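Structure first, then comments.
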Amino acid sequence: MAESWTSLLVVRKPAHLKRMLSGRPAKALAVNTGPRRQLHLALHHDDLRLTQQQQQQRVLLQHYRSLGHMPFKRPAPVPHQGTESGGESESSSRPPPAKQQKTSMQKALPDTTVYIVQAKLDVGGISELFELAEHHTKGACRNAMDADVIITAIAMRRRLERHVPWDIAETKAVVTPAWLRDSVDHGRALPCGDYVAIQDLLETTVEHCPDCNCKPCACSDGDSEAATPRFEAKQLPSPLSSPSTPVKQRAMSTSTKKEEKKPVVPQPVPEHLLPPDPPIPTNLAKLDYMSRYACQRASPLVCPNQALVRELDIIRRSRDLEGEARSALSYERAVSIIKAYPHEIRSLKQVEKLPFIGVKITGLIEEFLDTGKITEAQTINASERFQTLSLFSSIYGIGPSTAIRLYNLGLRSLNDLEVYYGVEPEDVALQSQIVEVEEKPRKPAWQRGQHKGDEGLGDSWTRVALGLREDLAKKIPRAEVEEMGRVVMRELEELEPGCVSTIVGGYRRGKMESNDVDIVFTHPDPSKVKGLCKRLVRKLHERGMVTHVMHLSGFHAHNALRTHHWDSLEKALTVFIMPPSSPFHTGVRRRLDLIFAVPDVYWTAVIGWTGSIMFQRDIRQWAKDKHGMKFDSSGITRRYDSKEFFPKTEKEAFDLLGLEWVEPKWRNADL
DNA sequence: CACCATTACC
DNA sequence: GGTA
DNA sequence: GGTG
Ligand SMILES: O=c1ccn([C@H]2C[C@H](O)[C@@H](COP(=O)(O)OP(=O)(O)OP(=O)(O)O)O2)c(=O)[nH]1
Ligand SMILES: [Mg+2]
Ligand SMILES: [Mg+2]
């Protein structure tokens, strides 16, 4: 049978920390909510992403510098980026800027041979780069292996691998076209760090950069890889430096004798498992803010009526906490429909015709239009009950029902909960000491606790969650989300090379900060997927990155027969801590959800986990209403004959359901 | 008056 | 009942 | 709470 192993690491915090928990003004997190009152067209999360990438790159570089691994004499030039045309790494299509000046004289990069990856470049960009290469470098070569520098507009590892073998790329500086342009402008090779095309290659790119001021101090000449006595904890930051991949081995790819055994031909990942290259734009004109289905509306992250929506959401949350799920659903739908309304609401008439706005909610909106607030929401928000129930249910594992029960017991604060659940305040001096608690094979014991008579006190699981609350309450910046993705992928690559992943959830929808990180994985070979989730979690746990596992499901769990596509999804809900080797290491633990799908259901899993929740519910509602289909994250099934459908791409799933394509950034149908 | 997404796991 |  |  299944060996439901659940090894937990309980972190006991010193008492002074607990006190802080109780009475402390929430730390202001400098949340850049972005400009409000934006119209649909104004919101380009791609631009935000760019900024984030650059910011993150800066962090990484600073980290390197602080480690003395990267000798930058002067601040490297900021990579220029077109603020317009939200073209991500799409620095390709730009008219050859007027950058002449030192055409004659001598070449800027006389000793550098470049290889230009044409993919993702338009003809103009290609010819421009080749021209630059011809006039200002030793030349452009036809084989990546022969180059010193690889120029590419590709930003994704799996995509680059389709053009340049990874082990080759690791022996070069792999930079964006901007590096060549700017180097030519400056008349010399610029440091590559700020121009690295793919984050995973930052380290090797810097190492192999032809910029003059290479060799760091006097110490290490090549790489501090040699001396690494202790358990490789010193593993530099995030970028690839996997122990399995000998950084030494330069040139000559895989002609090692030993490697013959397993022809691990890095067969590139099939195109359809990668995100569509030119991203598919959303045809906003074909979407309809009056539609009853959120999946037919364009819902931005921040809407023109954000203040109103926030008021309504307070009532919604209250209804939820009070157990009035249906009422809560109605408010959720009202919020959702307003979220997609593209104008500032000035009169009731605008709103009365919208679906899901009935008598009650119309009245509330009327008040809001008159006074700028909703009294009921204000009252709720000011109530001790709402505040307390909210606080309690913010603890993982405590929902509305339990929260009410605790409230009715008279509990009001975290301190009350800690006492109730028996958190020991003894270890005052101990700095968050780690105590391992093995909860070995538990049978059907999860109906434990809770209900009075039982040991209502001392639910061990909740005790753990209480200790995690402070960390998990902190939002995760986009850059750290991305780092978590890289770190996890690095481990996975060692475990099973060739996997593909998408960071989904709020991150994919463009949120600047997430409450957790959700990643969907697959592998082109479906047989490689089975058991991967458990294996990865085990490895992450062994390496100290996963501290808790709340949930672990192998695909082997279908209830008897009849429930199709059972063995297609594996899922782990965990707590993750950034390894000290990462520049993002803070010691703050994060929720991390890992989802493994066989390739057939990869895109439905991605859709399901991208959300938002309301968007998902309405996709499923739509599938049922209009097509008699059942949609869930592990597949699409026709209800009358149970025929399954496996869309090859995300858009194919939309097509299959007769839905207009909606980019993730327009799927923010919840607050 | 029925429906409101979906499913398995802890 | 709680969770994604 | 709102819809059909
Ligand atoms: O009841 C639910 C909860 C979640 N999801 C899907 C949609 C959601 O977007 C995704 C991830 O859930 P999560 O709780 O992580 O929310 P999020 O959208 O990622 O936002 P954040 O993590 O920032 O809170 O899982 C559902 O379909 N139904
Ligand atoms: Mg999430
Ligand atoms: Mg999640």
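Chain A is the first sequence line, chain B the second, and so forth, proteins listed ahead of strands; every chain is numbered from 1. Hydrogens, waters and symmetry mates play no part in the numbers below; they use all other heavy atoms, side chains included. Predicted model, so just to flag it, every value in this text is computed and none were measured.
Nucleotides B:dA5 and D:dG4 are separated by 14 Å at their P atoms, to the nearest Å. As rounded to the nearest Å, C:dA4 and B:dC4 have P atoms that lie 23 Å from one another. For the P atoms, the distance linking B:dT6 with B:dC10 amounts to 23 Å, nearest Å.
Regarding A:Ile636, its CD1 atom lies at a distance of 13 Å from the P atom of B:dT6, rounded to whole Å. C:dA4 atom C1' lies 8 Å from atom CD1 of A:Ile595, rounded to whole Å. Remark: P of C:dA4 and CG of A:Asp516 are 7 Å apart, rounded to the nearest angstrom. When rounded to the nearest whole Å, the span between CG of A:Leu472 and P of C:dT3 equals 12 Å. Atom CG in A:Asp320 sits roughly 13 Å away from atom C1' in C:dG1 (whole-Å rounding). Distance NZ (A:Lys624) to P (B:dA2): 16 Å, rounded to an integer number of Å. At whole-Å resolution of the value, CZ in A:Arg333 and C1' in B:dC3 are 10 Å apart. In this structure, CG of A:Leu406 is placed 13 Å from C1' of C:dG2, rounded to the nearest angstrom.
Of the N and O atoms on the side chains of A:Arg590 and A:Ser514, not one donor lies less than 3.5 Å from an acceptor on the other residue. There is no side-chain donor-acceptor pair under 3.5 Å between A:Ser413 and A:Asn415.
Going from atom CD of A:Gln387 over to atom OH of A:Tyr407 covers 11.0 Å, rounded to the nearest 0.5 Å. From A:Ser299, atom OG reaches atom NZ of A:Lys665 across 13.5 Å, with rounding to the nearest 0.5 Å.
In terms of heavy-atom proximity, A:Ala605 sits nearest to A:Val520 at CB-CG1, 3.9 Å. Between A:Ile338 and A:Leu312, the shortest heavy-atom contact is CD1-CD1, 3.6 Å.
Within 4.0 Å (heavy atoms only), A:Ile361 reaches sugar-phosphate atoms of the nucleic acid but no base atom. If you check every strand for non-hydrogen atoms under 4.0 Å, A:Ile395 touches sugar and phosphate atoms only. Using a 4.0 Å heavy-atom criterion, one finds that A:Gln621 contacts the sugar-phosphate atoms exclusively. Among the heavy atoms of the strands, none lies under 4.0 Å from A:Arg316. When heavy atoms are screened at a 4.0 angstrom cut-off, A:Asp518 is found touching the sugar-phosphate backbone but no base atom.
Contact between the side-chain N/O atoms of A:Lys571 and the OP1/OP2 oxygens of C:dT3 is not found at any separation under 4.0 Å. Note on A:Arg617: a side-chain N or O is less than 4.0 Å away from OP1 or OP2 of B:dA5. Contact check, A:Arg292 against B:dC4: no side-chain N or O comes under 4.0 Å of OP1 or OP2.
Looking at the side chain of A:Tyr396, the nearest of the listed nucleotides C:dG2, C:dA4, B:dA5 is C:dA4. Checked against B:dC4, B:dT6, B:dC10, the side chain of A:His551 finds its nearest nucleotide in B:dC10. Of the listed nucleotides (C:dG2, B:dT6, B:dC4), C:dG2 has the atom at the smallest distance from the side chain of A:Thr402.
A salt bridge links A:Asp618 with A:Arg333: the closest approach of a Lys/Arg side-chain nitrogen to an acidic carboxylate oxygen falls below 4.0 angstrom. Under a 4.0 Å N-O distance rule, the pair A:Lys360/A:Glu376 qualifies as a salt bridge. A salt bridge does not link A:Lys349 to A:Glu352: none of the charged side-chain nitrogens sits closer than 4.0 Å to a carboxylate oxygen.
Annotation: ring pair (Phe, Tyr, Trp, His ring centres under 6.0 Å) contacts of A:Tyr602 (sequence neighbours excluded): none.
Nucleotides of DNA chain D with any atom under 4.0 Å from a heavy atom of chain A span, from 5' to 3', D:dG1 to D:dG4.
In DNA chain C, runs of at least 3 stacked Watson-Crick or G-U pairs (N1-N3 plus N6-O4 or O6-N4, or N1-O2 plus O6-N3, all under 3.5 Å) give these stems: B:8-10 with C:1-3.
Ring to ring, A:Tyr341 and A:His343 are close: their centroids are under 6.0 angstrom apart.
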